Amino acid sequence: MTIEFIFECVYIMKTRRRHRAEIMQARFHGNLSDKRRAALARVAIVIAAGMVACGARADAARAAELLMFEQAGCAWCQRFEREIAPVYPHTEEGRLAPLRRIELGDEEAALADLTAPVRYAPTFVLVEDGREVGRIPGYAGEEAFWGLLAAMTKKLPRTP
């Protein structure tokens, strides 16, 4: 099965009933117009992007991650960026729960069930399997961040 055939099937499904027979006939005779092929390609790309997004959401819901709710111009977010962000991916916590940044007010992007709305930037929310495990409201410096994060990550199962 070729990708062209898949594109054509998608296009056929999107067309009105009276045109389906005509398109199927064109498919089997190999004379589908360039204009229709281009339209079909666009539809297939949108569908493929949706499938990838659904897969990404499913993966995000299963994995542990640290969500950072941030806001442009936030001095504490900038301090976190200088002190923690460069080393975080290389730590045990970073490997266990990768950091994902979300704009404050966009809780829908979290793809997780949060126990309460996020009101302050930065707020760090540890999630696993799409559920909130714990949160750190604000950033009070390196020592406080690592201590609070260590306590939260102890609640996550360790994989060998």
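Model, not experiment: these values are computed from the prediction. Side-chain atoms are counted along with the backbone in the values below, which use heavy atoms only and exclude waters and symmetry mates.
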Can you list the residues that meet the side chain to side chain contact (heavy atoms under 4.5 Å, CB included) rule with Ala109, with sequence neighbours excluded? Ile102, Asp106
Can you name the nearest heavy-atom pair linking [X] to [Y], along with the distance?
{"X": "Met68", "Y": "Phe124", "answer": "CG-CE2, 3.5 Å"}
{"X": "Trp146", "Y": "Ile84", "answer": "NE1-CD1, 3.3 Å"}
{"X": "Glu103", "Y": "Ala72", "answer": "OE2-N, 3.8 Å"}
{"X": "Thr123", "Y": "Pro137", "answer": "OG1-CA, 4.0 Å"}
{"X": "Leu104", "Y": "Arg119", "answer": "CD2-O, 4.0 Å"}
{"X": "Val127", "Y": "Glu132", "answer": "CG1-CA, 4.0 Å"}

[X] [atom1] to [Y] [atom2] distance, which is reported to the nearest 0.5 Å:
{"X": "Leu126", "Y": "Leu67", "atom1": "CG", "atom2": "CG", "value": "8.0 Å"}
{"X": "Glu128", "Y": "Leu96", "atom1": "CD", "atom2": "CG", "value": "8.0 Å"}
{"X": "Asp129", "Y": "Leu156", "atom1": "CG", "atom2": "CG", "value": "9.5 Å"}

Taking the side chain as every heavy atom from C-beta outward, state whether Pro98 and Pro89 have any pair of such atoms under 4.5 Å apart. no
May I ask you to decide if His90's main-chain N or O and Arg95's side chain share a donor-acceptor pair within less than 3.5 Å? yes
Please check: side-chain N/O of Arg135 versus main-chain N/O of Ala116, any donor-acceptor pairing under 3.5 Å? yes
Going only through I, L, V, M, F, W and Y residues with side-chain contacts under 4.5 Å, is there a path from Tyr120 to Phe80? no
One pair to check against side chain to side chain contact (heavy atoms under 4.5 Å, CB included): Leu66 and Val125. What are the steps and the verdict? CA-CA 6 Å; Leu66 183 65; Val125 181; 5.9 Å; no
Does the side chain of Glu83 come under 3.5 Å of the side chain of Tyr139 through a donor N or O and an acceptor N or O? yes
For residues 66-75, which residue pairs qualify under salt bridge (charged side-chain N to carboxylate O under 4.0 Å, His left out), counting only residues two or more places apart or in two chains? Glu70-Arg101
